[in-house]
Amino acid sequence: MLRYTEDHEWLRAEGDEIVVGITRHASEQLGDVVFIELPETGREVAAGEEVVVIESVKAASDILAPVAGTITAVNSGLADTPGEVNEDPMAAWFFRVKPADGAWLDGFMDEAAYQAMIAG
Amino acid sequence: MAELRRTPLYDLHLSLGARMVPFAGWEMPVQYPTGVLTEHRHTRADAGLFDVSHMGQIILRGENAAAALETLVPADIVGLPPFRQRYGLFTAPDGGILDDLMIANKGDHLLLVVNAGRAEQDLAHLAQLAASHPGIRVDPVEDRALLALQGPGAERAFSWLVPTAPDLRFMDASDLDWDGTSLWVSRSGYTGEDGFEISVQADRAETLARLLLAHDGVAPIGLGARDSLRLEAGLPLYGHDMDETITPAQAGLGWSIPKIRRTGGARAGGFPGADIILPELTAPTRVRRGLRPEGRAPIREGVTLYAQPEGGEPIGRVTSGGFGPSIDAPIAMAILPADLPDGATVHAELRGRRVPVTIVPTPFIKPTYKR
């Protein structure tokens, strides 16, 4: 199941974890990504906390934790090949987060709602 | 907000899929679908075509135009041979820089090219000059586009249309015929590459651009790559690496003030701020330097620099910074105390941490000008 945030992240439920990346729309807006700083695994994060730094040729931006929880894995290969975010943003995941009790994907946008937002 | 101006190549940019952004009052292409990294690398590998029509083109006429302009610009303009071009600065009475510009001697007039964002002030500045110098006339060029064709493949691509183009050497400026249309061409640019800047009448600009783009190896390049190319070439940008608060010596542009305009020279001084600018040339306390940050995180304009890894007072801030696609690493420029040697380490505060940064000479890449 894919869900989307207002910050142009995609969220994919896998077991009891959520995998997080950015949408094609976001990667196109950012331009060529040249640097990614990922969080430490095991870090406890609050919803809305800045967890990833993305630097493109144009600017720096942050990826926020969509829910409160614990970072269980990061895609460390992205640090060496940040351009994957532009080439295949839906495959270039950043981190997995195990949500704290009660936090899940309810309330995030589905594909149709997200497409409507970016068309808006 | 005032309506953005469009260059004669606006429709071409749209048809090429450009992303248009506001820039200095103009609607300009920041990148095309291939993106900044590809455009940058393409320019260094072959040839890139840039629309720089937003820049101000100004004609200065009159018997003593060169001498008059020397009262605003500390360059050797009187001694500029016909069909040669020089880089210069408009200076302010307090020693700051009002703009940087190119000055070409076109035989019976001077052709100036100034920054888009400063063109209006520059014209007012020149109008005052004309008012105090009878016989001098200032005419903004409103009916021409300006293209830059840059890169190792530029000569081959341009000579396909204009066979006489290879006759020009670096900083030559001439009128060349293209199929009955007169092009004002200089062999120059702002990328660190060999190339040409081509002024063409507006109604012929799109045809010329399309013919150049039809040539193998020529790709359209946006402002994004223009900025990373000039940064790698160690070329300062007005409003960033120099402005009204930065003197020529601090901006690392003392080289543009020749001996003849310096203390003891035959035409020493006589320009705004000379009493501040000239003494500083021999021993500036602060000067623009190149920076190579450790790691891969870009260090951008405005980032504060410290001498120490912790504590202490700031010693400067980054004036231009980003990622250098051709050297595949972050690079930056900053105005720093002149006594720090090349190779010294300073520290940039980035997201609450201090990142070691090495002071290096510029340019970051080796320029390929055809001298």
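Sequence lines set the chain letters: A, B, ... in the order given, protein chains first and strands last, and positions in each chain run from 1.
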- Message: Is there a side chain to side chain contact (heavy atoms under 4.5 Å, CB included) between A/Val34 and B/Leu37? Walk through the geometry before answering.
- Response: CA-CA 9 Å; A/Val34 295; B/Leu37 290 182; 4.1 Å; yes

- Message: Is there a side chain to side chain contact (heavy atoms under 4.5 Å, CB included) between A/Val53 and B/Arg351? Walk through the geometry before answering.
- Response: CA-CA 10 Å; A/Val53 175; B/Arg351 294 183 275 270; 3.2 Å; yes

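Per-residue heavy-atom pair counts under 4.5 Å with chain A were compared for B/Gly295, B/Gly35, B/Ala297, B/Pro33, and the maximum is reached by B/Ala297. The choice from B/His40, B/Gln31, B/Arg296 that makes the most heavy-atom pairs within less than 4.5 Å of chain A is B/Arg296.
Contact annotation for A/Glu28: both backbone and side-chain heavy atoms come within less than 4.5 Å of a heavy atom of chain B. Contact of A/Ala60 with chain B is made through backbone and side chain together, with heavy-atom distances under 4.5 Å.
Here CG of B/Leu350 is found 6.5 Å from CD of A/Glu55. Values are rounded to the nearest 0.5 Å.
Residue-environment remark: CG (B/Asp342) exceeds the threshold of 12 foreign heavy atoms within 6.0 Å. For A/Glu14, the CD atom is densely surrounded, since the number of other residues' heavy atoms within 6.0 Å is greater than 12.
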